Amino acid sequence: MKCLAGLLVFLILSVTAQAQTPIPASEKKINDLVALLQDPDIQAWLESRKTAAAPPAPSATAASPITSWESETRARIDTVIAAVPRIPSEIAATAARTRADAISHGYAPVFVIFGGLIAIGLAAEWLYRRMRGQREGAAAALIPIAVFAGAMAVIFFAIEWPPLARITLLVYLSAFVVYRTGSVLITLAAPEGLRQRARILLGITVLAIATAALGPPLGTDPAVTDAISYVFSIIVLALGIEAVWSTWSRPKPAKAIVTGVMVAMWILWCLDLKGLFWLGLYALILPGILRGAGNVAEHFTSAGAGLRNVLVVRGARAIVIAIAAGWLAIVWQMNPETIGHRDPIVSAIFYGLLRSVVVLLAADLIWHLAKSWIDGNLVASAPATSTPADTARRARFRTLLPILRNALAVMIAVMAALIILAQLGVEIGPLIAGAGIFGVALGFGSQTLVKDIISGVFYMLDDAFRVGEYIQAKNYKGTVEGFSLRSVRLRHHRGPVFTVPFGELGAVENMSRDWVIDKFRISVGFDTDVEKARKLTKKIGAELLEDPELGPLFIEPLKMKGVEEFGDYGIVLGFGMTTVPGMQTYIRRKAQLRIREAFRANGIEFAQPTVNVGGDEREGGAAAAAATIKAQQAKAAAAAEV
């Protein structure tokens, strides 16, 4: 009103200043306007309009988000229920509009065009199958569907269809291709008794999604579109419950629980709680989908656990989980009015969890690829033509790879945990600093542990021993079976297992590296022809080299070194040979058996303890008995040493 008063004063002053001059027509109109504004009735009307246009004062108690959500949900449900009776008439009207659009542009009705495109796709698929023949496998089942879809796509995009017909054909043709692809995947992944029900459920679901997606482009009433979606959801729910009670081989309480979960999820969907609905749906069906994805992926790979198999199978499961997480993000983004979406803390945690899922998938895939490569190298056998250097290198790999696998597992787990905490909004800088301080304190407080780990690192760098080698360190000896970060596991030749910290090993005697020289002695009589014994030994060595089992184990053949000494009862002959590590005891036993047979066949007698008895008969007998016992004990001790 002050502005209007100022404007009136300005106009009045202008009129007074120009009263002495002739008044033009435009100024006359202005004077009439000023006079009109000064009318009390006009001023009252302007005041009422100003009051009506003023924004209402905010209420003292604003509606809470839960109250708003409840009101909106109740209104939507009432609208949908009221729209259910109008579904047939609305569908008929939409179909009539689509048909009229196609006919007005000179085309056949949409269902005729749809059938023609399907026929063209099936004809192309039939030609492909006829040229390629019947084949087995997942690829052979999916490629014809790709040919079918490609032929329809060429015809569809080559012709300029009417607007309504174009969107209708695109949606329903895509739905048909998705259904056929899903049917093939169900055949590959689902059990025999569940396939038909799964196909029916898939068909109704795809049809419902396609019909709901066509509502807005075709001008269907949104309430009717929602009502159609609700009707289809009831059908899908009924089929799911029927499948649970008919095909699931579980007790009735378990079936009742699953049925209750399905009904609860349907209620969540009806109440527009899309985030909770999809979370519940994933918890219910995602394990089965992951198993099915793994089964389908195995059809594209050969048997075994190689890198390609792990990449395909684990990758397929990771893709399924990533798609599920991505769809949750899309649902969350497309529903900004949900209760949780309005809270920034809940939104940050939600997106952090989704990113954490991606991090876990990447960590799981990297770990299984690395583990598969390490395990493959551990179990792979050396080729028959490998050189000793290659064999040694492979043995060293088998020694180091278990330690690398353990270290890699710890590193991947720690990095994944830190990244997940960072995605959830946790400051990881103090955690890293605290871990460093804790590591320093642990190093000072656990000197023995640090000594063991560092000693093990240097044993590995020095290549002191490998898995499968026989070593001796202090009072411990045995075959190396494996490692940890701080100890080595030794299997004694009599069976016991020693777990020895690296810091306790000290000097290591490796008895399995490169080659072994084995020496032994045999006592023969003083009248033995030494040259004859040497020739017989040389012949035995040649025979051992020609033996198909023992020959490859020799590096240098069996030889007699000569006379070692003159013993109390005969000549001591020395023998020696060079063999591969670990087989010297086995070869020595075979060689000694053949030497015994050859010497006895050629009249070479082994030394026997003899005693010359003199003096009193009783004393001589006692002395002879004592000498015999002493000789037997010495022989037993020598045999034990061998």
Side-chain angles (χ1 to χ4, degrees), residues 470 472 474-475 477-478 492-495 509-512 515-547 549-551 553-642:
Y470 193 90
Q472 180 172 356
K474 295 184 179 179
N475 296 326
K477 60 181 177 180
H492 194 268
H493 58 273
R494 293 180 180 175
E509 180 183 358
N510 194 326
M511 303 178 185
S512 301
W515 44 267
V516 173
I517 296 178
D518 189 73
K519 296 181 179 181
F520 58 92
R521 295 180 176 186
I522 296 177
S523 297
V524 296
F526 286 107
D527 58 348
T528 300
D529 186 350
V530 178
E531 183 61 21
K532 183 178 181 180
R534 186 189 66 80
K535 292 180 179 179
L536 289 174
T537 303
K538 183 177 181 181
K539 183 179 179 181
I540 293 171
E543 292 175 354
L544 292 175
L545 284 177
E546 294 175 358
D547 186 277
E549 180 184 0
L550 301 176
L553 305 179
F554 279 97
I555 296 177
E556 290 186 6
L558 174 66
K559 296 179 181 179
M560 192 183 81
K561 302 298 183 180
V563 178
E564 295 289 341
E565 63 179 5
F566 292 96
D568 295 335
Y569 310 109
I571 303 173
V572 180
L573 302 179
F575 300 83
M577 56 186 174
T578 304
T579 68
V580 297
M583 301 304 297
Q584 63 272 19
T585 303
Y586 174 71
I587 297 175
R588 185 200 318 138
R589 292 169 181 166
K590 295 289 186 180
Q592 288 176 343
L593 179 61
R594 295 200 181 191
I595 289 173
R596 173 182 177 275
E597 294 174 353
F599 280 13
R600 292 185 62 181
N602 289 273
I604 299 177
E605 296 293 336
F606 293 94
Q608 299 290 337
T610 58
V611 178
N612 294 324
V613 180
D616 184 71
E617 182 177 353
R618 182 178 298 176
E619 295 179 357
T628 302
I629 294 174
K630 184 177 180 181
Q632 290 176 352
Q633 292 176 349
K635 185 177 180 180
E641 292 179 359
V642 174

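What you are looking at is a predicted structure, and each value in this text was computed from that prediction instead of being measured.
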Original post:
For the residue pair Ile540 and Ala598, what are the closest heavy atoms and their distance?
Top reply: CD1-CB, 3.7 Å
Original post:
Side chains of Thr537 and Phe599: does their closest heavy-atom pair fall under 4.5 Å?
Top reply: yes
Subject >> From Glu509 atom CD to Tyr470 atom OH, the distance as rounded to the nearest 0.5 Å >> reply: 9.5 Å
Original post:
Should the ring pair Phe520 and Phe575 be called parallel, tilted or perpendicular, given that the plane angle runs from 0 to 90° and is split at 30 and 60?
Top reply: parallel
**OP:** Would you please test Leu593 and Arg589 for side-chain contact (heavy atoms from CB on, under 4.5 Å) and show each step?
**Re:** CA-CA 6 Å; Leu593 179 61; Arg589 292 169 181 166; over 6 Å; no
Original post:
Going from CG on Leu544 to OG1 on Thr579, what distance comes out if it is rounded to the nearest 0.5 angstrom?
Top reply: 11.5 Å
Subject >> Note, Phe566 side chain near Ile571 side chain (heavy atom, < 4.5 Å) >> reply: yes
Subject >> Heavy-atom check, side chain of Leu536 versus side chain of Ile604, under 4.5 Å >> reply: yes
Original post:
Any idea which heavy atoms bring Leu558 and Ala591 closest together, and the distance?
Top reply: CD2-CB, 3.9 Å
Subject >> Non-hydrogen side-chain atoms of His492 and Lys477 separated by less than 4.5 Å >> reply: yes
Subject >> Short side-chain to backbone donor-acceptor contact, Lys532 and Gly603, under 3.5 Å >> reply: no
Original post:
So Ile587 and Asp518, side-chain contact (heavy atoms from CB on, under 4.5 Å) or not? Walk me through it.
Top reply: CA-CA 9 Å; Ile587 297 175; Asp518 189 73; over 6 Å; no
Original post:
Roughly how far, to the nearest 0.5 Å, is the NZ atom of Lys535 from the CG atom of Asn602?
Top reply: 12.0 Å
Subject >> pair Arg596-Gln592: side-chain heavy atoms closer than 4.5 Å >> reply: no
**OP:** Taking all heavy atoms of Tyr569 and all of Ala607, pick out the closest pair and write down the distance.
**Re:** O-CB, 3.4 Å
Original post:
Between Ser523 and Val572, what is the shortest heavy-atom contact and its length?
Top reply: OG-CG2, 3.6 Å
Subject >> Salt-bridge criterion met for Arg594 and Glu597 (N-O under 4.0 Å) >> reply: no
Subject >> Closest non-hydrogen atom pair, Pro557 against Gly541 >> reply: CB-O, 4.4 Å
**OP:** Please examine the side chains of Arg534 and Val530, heavy atoms only from C-beta on, and report whether any two atoms are closer than 4.5 Å.
**Re:** no
Subject >> Side chains of Gln584 and Met577 in contact at under 4.5 Å (non-hydrogen atoms) >> reply: no
Original post:
Does a side-chain heavy-atom distance below 4.5 Å link Val516 with Thr578?
Top reply: no
